[in-house]
Amino acid sequence: MKKTGIALLALMLALGAGGAAGGMIAAREMPSVTAYAANIVKGDTYDNIVKVQRRLKELGYYRIAVDGIWGPKTLAAVKAFQRDYGLTVDGIVGTWTERSLGITLSGGGASSSDRELLARCVYAEARGEPYTGQVAVAAVVLNRVDSASFPNSVSGVIYQPGAFTCVSDGQINYTPDSSAYSAADDALGGWDPTNGCLYYYNPATATSKWIWSLKVEITIGRHSFARG
């Protein structure tokens, strides 16, 4: 699996503690705004921010001095650009915003908040599953980030309305264990046991009629994985 190339400048999600595994709800529509992300740019570096500001200035979205500082004016310019270009309006300069801007940013790897949220999702959705199955759940999240059909950030994908049962039932707030963190790290490092799948579900508990129509590519533990 290709690495997402997403990194965060500031956002840390304040989430709580607890336990039980769930599944994915079939979500097919991308929301226009992701409310959970802000002040984010790939790489978190002065050079990257300068590249973003210069390009936005060329396009007329950024009208003050290029200073390499990720402030509210830069965030607002990124969101305005995303809105006009039909992208997820989350202020994140991820893969699709980067491509649309026509720039190449240096990858800084995943931020601590990306890793934390991904581990929380793994723990809530797949604790008790084989380790490979935990990595597979994290990989599905990252595959969605890389897909043009879904939001272009870890937070955007996980918090997409109706996408994950762990968000709707509050288990996303549970504290991950070491296995969940390791699974998140392995997925962020490029391991994708699903070979590009965008969906997974537990056949024993799934209620969506639509998700049963998907061709199952691989089954790991209790989860079936599909490309869509």
Side-chain angles (χ1 to χ4, degrees), residues 1-7 20-30 34 88 92 94-96 107 109-111 114-169 171-172 174 176-228:
M1 166 185 167
K2 52 186 182 293
K3 197 171 180 180
T4 64
I6 295 195
M24 174 179 285
I25 299 172
R28 288 178 285 176
E29 295 182 4
M30 188 189 310
T34 300
T88 302
I92 300 166
T95 302
W96 292 100
S111 72
D114 263 342
R115 176 179 183 261
E116 175 70 19
L117 183 56
L118 191 59
R120 287 181 184 276
C121 184
V122 169
Y123 184 72
E125 293 279 308
R127 66 187 180 279
E129 291 295 303
Y131 183 71
T132 300
Q134 295 182 34
V135 177
V137 166
V140 166
V141 173
L142 299 181
N143 288 342
R144 285 188 167 201
V145 172
D146 283 342
S147 169
S149 299
F150 296 91
N152 61 357
S153 67
V154 171
S155 60
V157 165
I158 291 175
Y159 285 111
Q160 184 177 14
F164 290 87
T165 55
C166 68
V167 172
S168 60
D169 67 16
Q171 292 190 48
I172 191 66
Y174 291 178
D177 58 13
S178 59
S179 180
Y181 281 114
S182 294
D185 288 340
D186 278 335
L188 287 164
W191 183 14
D192 180 8
T194 76
N195 195 28
C197 287
L198 295 170
Y199 301 93
Y200 66 86
Y201 63 96
N202 183 339
T205 59
T207 58
S208 167
K209 293 180 180 178
W210 174 81
I211 205 163
W212 282 94
S213 69
L214 300 179
K215 179 185 176 183
V216 174
E217 301 292 337
I218 188 172
T219 298
I220 306 173
R222 290 173 292 177
H223 285 140
S224 297
F225 294 83
R227 287 194 177 89

Set of side chain to side chain donor-acceptor pair (under 3.5 Å) partners for Ser182, sequence neighbours left out: none
Those residues that, when tested against Asn195, pass side chain to side chain donor-acceptor pair (under 3.5 Å) (two or more places apart): none
CA sep, side-chain torsions, deciding dist, call: Leu117, Tyr159, side-chain contact (heavy atoms from CB on, under 4.5 Å): CA-CA 10 Å; Leu117 183 56; Tyr159 285 111; 3.9 Å; yes
For Ala184, all residues meeting side-chain contact (heavy atoms from CB on, under 4.5 Å), sequence neighbours excluded: Leu118, Ala119
N/O donor-acceptor pair under 3.5 Å between Arg144 side chain and Leu198 backbone: yes
Side chain to side chain, Ser153 and Thr88, heavy atoms closer than 4.5 Å: no
Partner set under salt bridge (charged side-chain N to carboxylate O under 4.0 Å, His left out) for Asp177, not counting sequence neighbours: none
Taking every non-hydrogen atom, the tightest pair across Cys121 and Ile158: CB-CD1, 3.8 Å
Closest heavy-atom pair and its distance - Gln134, Ala180: OE1-N, 3.8 Å
With sequence neighbours excluded, residues passing side-chain contact (heavy atoms from CB on, under 4.5 Å) with Pro203: Tyr201, Trp212, Ser224
Side chains of Val140 and Phe225 in contact at under 4.5 Å (non-hydrogen atoms): yes
Heavy-atom pair with the smallest gap, counting every atom of Tyr131 and Ala183: OH-N, 3.2 Å
Value rounded to 0.5 Å, distance of CG in Leu188 from CG in Asp185: 6.5 Å
Polar side-chain atom of Asn143 near backbone of Cys197 as donor-acceptor pair, under 3.5 Å: yes
Minimum side-chain heavy-atom gap Glu129-Ile220 below 4.5 Å: no
Pair Tyr174 and Tyr123, ring centroids less than 6.0 Å apart: no
Qualifying residue, where the test is side-chain hydrogen bond (donor to acceptor under 3.5 Å, both in side chains) with Tyr181 and the options are Arg120, Arg115, Glu116: Glu116
Side-chain donor-acceptor contact under 3.5 Å, Thr194 with Glu217: no
pair Trp210-Tyr199: side-chain heavy atoms closer than 4.5 Å: yes
Minimum-distance pair of heavy atoms, taken over all atoms of Gln160 and Pro151: OE1-CD, 3.6 Å
Check: Glu125 side chain, Cys166 main-chain N or O, donor-acceptor pair, under 3.5 Å: yes
